[in-house]
Asks: 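Below is one structure. I have some questions about it.
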Protein chains: 2
Amino acid sequence: MRGDLSIGELSRQAGVKATTIRFYEGAGLMPKPPRSEGDRRLYDEGHVRRLSFIRHARELGFEMADVRALLELSDRPEGDCGLADEIAGRHLTAVEAKIAKLTALKGELERMISQCSHGVVADCRVIEALADHAHCGGEH
Amino acid sequence: MRGDLSIGELSRQAGVKATTIRFYEGAGLMPKPPRSEGDRRLYDEGHVRRLSFIRHARELGFEMADVRALLELSDRPEGDCGLADEIAGRHLTAVEAKIAKLTALKGELERMISQCSHGVVADCRVIEALADHAHCGGEH
DNA sequence: GATGGTTCCTCCAGTCACTGTAGGAGCAAG
DNA sequence: CTTGCTCCTACAGTGACTGGAGGAACCATC
């Protein structure tokens with residue numbers, strides 16, 4: 001309510017680029033704010049909170065559809081939170097799978113690098129490790 | 001060399017969709033293969049290996065530019081492998097960072113879910129956890 | 001040899017979540 | 001009044017694909 005913010009100020013306060021804010025407006029994540037005489041967007045503290053919420057959720061890897069759902073839920077605080085729970089749960093599963101995959105990859109990269117004799121490619125395990133795995137074919 | 005493969009067979013053997021194979025051809029990751037009378041692409045075992053190499057590298061999160069560099073290196077086995085080593089090294093750093101970030105996220109998601117009272121959104125910690133963090137503003 | 005089903009061809013548009021650019025207008029300070 | 005910054009819209013580009021249209025080719029069967 002207090003002190004209108006320009007898109008640049010909102011950008012700095014929430015840590016989201018102005019172009020991205022306009023993109024979020026078009027995508028329906030951020031509302032169309034009131035405008036000044038000169039047609040500039042005017043934001044308030046509520047917008048800072050909403051945008052920071054979006055940024056945080058995006059950083060946590062929630063996709064825009066999920067963020068939209070979460071925002072709709074938080075806009076209707078009388079609603080059932082089971083959906084929010086489910087979104088977070090789905091996300092947790094995906095995150096665990098990614099961690100497992102990346103941990104395996106880390107081991108593989110370390111092995112690759114430690115075995116690389118710093119010689120020619122013919123002796124290089126970086127290439128070979130990838131090529132080796134190429135033979136294992138099917139399941140990921 | 002033995003037994004020509006159709007794009008469909010290559011697709012099945014390497015676990016990469018035919019459309020994606022054509023896309024890789026356009027992007028220069030896969031070579032333009034010989035064609036049949038009827039203008040169909042003809043692949044061999046070498047293509048299966050190359051495509052599997054690409055698939056594996058992509059699954060490990062190497063971006064196309066890196067895959068291209070690795071492929072060029074493996075195409076010239078007399079070259080220096082320092083570059084391959086460097087690509088893998090850069091990647092290892094990024095992978096470690098990703099794992100750290102995802103592990104933090106996992107903890108946060110678990111906390112969110114365990115605290116969700118399965119009631120209305122007003123009491124829901126999933127939303128609140130996101131909103132809470134929204135206040136923490138600046139650095140990510 | 002006609003038929004039908006599958007696979008393949010090219011070309012092009014769409015996806016996601018932005019990012020960047022062009023070309024202009026508004027605004028505040030010197 | 002001019003300089004320089006921020007902001008406006010509109011649109012094109014990114015990466016890494018994915019999907020569809022519309023047509024040709026191949027294969028098996030009748």
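In what follows, every chain begins at residue 1, and chains take the letters A, B, ... in the order their sequences are listed. Since we're looking at a predicted model, the values are computed, not measured.
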Asks: Within the distance-only criterion (no hydrogens, no angle test), does the side chain of A/Ser11 pair as donor or acceptor with the backbone N or O of A/Val16 below 3.5 angstrom?
Replies: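 Side chain of A/Ser11 to backbone of A/Val16, a donor-acceptor pair under 3.5 Å: yes, one is there.
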Asks: Is any side-chain N or O of A/Ser6 closer than 4.0 Å to OP1 or OP2 of D/dC7?
Replies: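 For D/dC7, OP1/OP2 do have a side-chain N/O of A/Ser6 under 4.0 Å.
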Asks: Measure the distance from CZ on A/Phe23 to P on D/dA10 and round it to the nearest whole Å.
Replies: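 Answer to the nearest Å: 16 Å.
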Asks: Roughly, in whole Å, what's the span from CG in A/Asp4 to C1' in D/dC7?
Replies: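 The answer, rounded to whole Å, is 15 Å.
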Asks: Taking the side chain of A/Asp39 as its heavy atoms from C-beta onward, which of D/dT18, C/dA17, D/dC8 lies nearest to it?
Replies: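 That would be D/dC8.
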Asks: If you check the A/Arg40 side chain, which of C/dT19, D/dA16, D/dC8 turns out closest?
Replies: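 Nearest to the side-chain atoms of A/Arg40, counting from C-beta on, is D/dC8.
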Asks: Judged by atom type as modelled, is there a donor-acceptor pair below 3.5 Å linking the side chain of B/His47 to the main-chain atoms of B/Asp44?
Replies: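 Confirmed, B/His47 side chain pairs with B/Asp44 backbone.
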Asks: Look at the side-chain N and O atoms of A/Tyr24 and state whether any lies under 4.0 Å from the OP1 or OP2 oxygen of C/dC18.
Replies: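 Checking C/dC18 against A/Tyr24, a side-chain N or O does come within under 4.0 Å of OP1 or OP2.
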Asks: Can a donor-acceptor pair be found, under 3.5 Å and without considering hydrogens, that links the side chain of A/Thr103 to the backbone of A/Ile99?
Replies: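 Looks like yes, one N/O pair under 3.5 Å.
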Asks: Could you check whether B/Glu96 and B/Thr93, counting side-chain N and O atoms only, form a donor-acceptor pair closer than 3.5 Å?
Replies: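 Checked: B/Thr93/B/Glu96 side chains show no N/O donor-acceptor pair below 3.5 Å.
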Asks: What nucleic acid atoms does A/Arg22 come within less than 4.0 Å of, heavy atoms only: base, sugar-phosphate, or nothing?
Replies: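 If one applies the 4.0 Å heavy-atom cut-off, A/Arg22 turns out to touch a base.
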Asks: Specify the separation, in whole Å, of atom CG of B/Leu42 and atom P of C/dT7.
Replies: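 Nearest whole value for this atom pair: 17 Å.
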Asks: Between C/dC18 atom C1' and A/Arg68 atom CZ, what is the distance in whole Å?
Replies: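 Interatomic distance, CZ of A/Arg68 to C1' of C/dC18: 14 Å.
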Asks: Salt bridge check, B/Glu72 against B/Arg68: does any charged N sit closer than 4.0 Å to a carboxylate O?
Replies: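 A salt bridge is absent here (no side-chain N lies under 4.0 Å from a carboxylate O).
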Asks: Nearest whole angstrom, please: distance from the P of D/dT6 to the CG of A/Leu10.
Replies: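 About 15 Å, once rounded to whole Å.
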Asks: From the options A/Asp4, A/Val48, A/Leu10, select the one residue that forms a side chain to side chain contact (heavy atoms under 4.5 Å, CB included) with A/Tyr43.
Replies: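 Single side chain to side chain contact (heavy atoms under 4.5 Å, CB included) partner of A/Tyr43 among A/Asp4, A/Val48, A/Leu10: A/Leu10.
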Asks: Thinking salt bridges, do A/Arg58 and A/Glu63 make one under a 4.0 Å N-O criterion?
Replies: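 Looking at A/Arg58 and A/Glu63, the cut-off is not met.
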Asks: Which angle, rounded to 10°, do you find between the first-five-pair axis and the last-five-pair axis of the helix from C/dG1-D/dC30 to C/dG30-D/dC1?
Replies: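 Terminal axis comparison yields 10°.
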Asks: Looking only at side-chain atoms of B/Met64, point me to the closest of D/dC7, D/dA16, C/dT19.
Replies: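 Given the options D/dC7, D/dA16, C/dT19, the side chain of B/Met64 is closest to D/dA16.
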Asks: With respect to the phosphate group of C/dC18, does any side-chain polar atom (N or O) of A/Arg58 fall under 4.0 Å of OP1 or OP2?
Replies: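 It does, given that an N or O in the side chain of A/Arg58 lies less than 4.0 Å from OP1 or OP2 of C/dC18.
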Asks: Would you say D/dA16 has OP1 or OP2 under 4.0 Å from some side-chain N or O of B/Thr20?
Replies: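 Result: no.
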Asks: Should B/Arg41 be listed as having a side-chain N or O under 4.0 Å from OP1 or OP2 of C/dC9?
Replies: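 Yes.
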Asks: Please give, in whole Å, the distance from C/dC8 C1' to B/Lys17 NZ?
Replies: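 Answer to the nearest Å: 17 Å.
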Asks: Using a cut-off of 4.0 Å on non-hydrogen atoms, how would the nucleic acid contact of A/Glu37 be classed: base, sugar-phosphate, or nothing?
Replies: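 Nothing: the residue A/Glu37, judged by heavy atoms under 4.0 Å, touches no strand.
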Asks: Picking from C/dC9, C/dC18, D/dC7, which would you name as closest to the side chain of B/Ile7?
Replies: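 Minimum distance to the B/Ile7 side chain belongs to C/dC9.
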Asks: Quick one: A/Glu63 CD to C/dT15 P, roughly how many Å, whole number?
Replies: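 About 14 Å, once rounded to whole Å.
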Asks: Mind listing the residues from residues 26-36 of chain B sitting with a heavy atom below 4.0 Å of DNA chain D? Number order is fine.
Replies: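 Here the set is empty: none.
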Asks: Round to a whole Å and report the spacing from CD1 of B/Ile21 to P of D/dT18.
Replies: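 Going from B/Ile21 (CD1) to D/dT18 (P), I get 11 Å.
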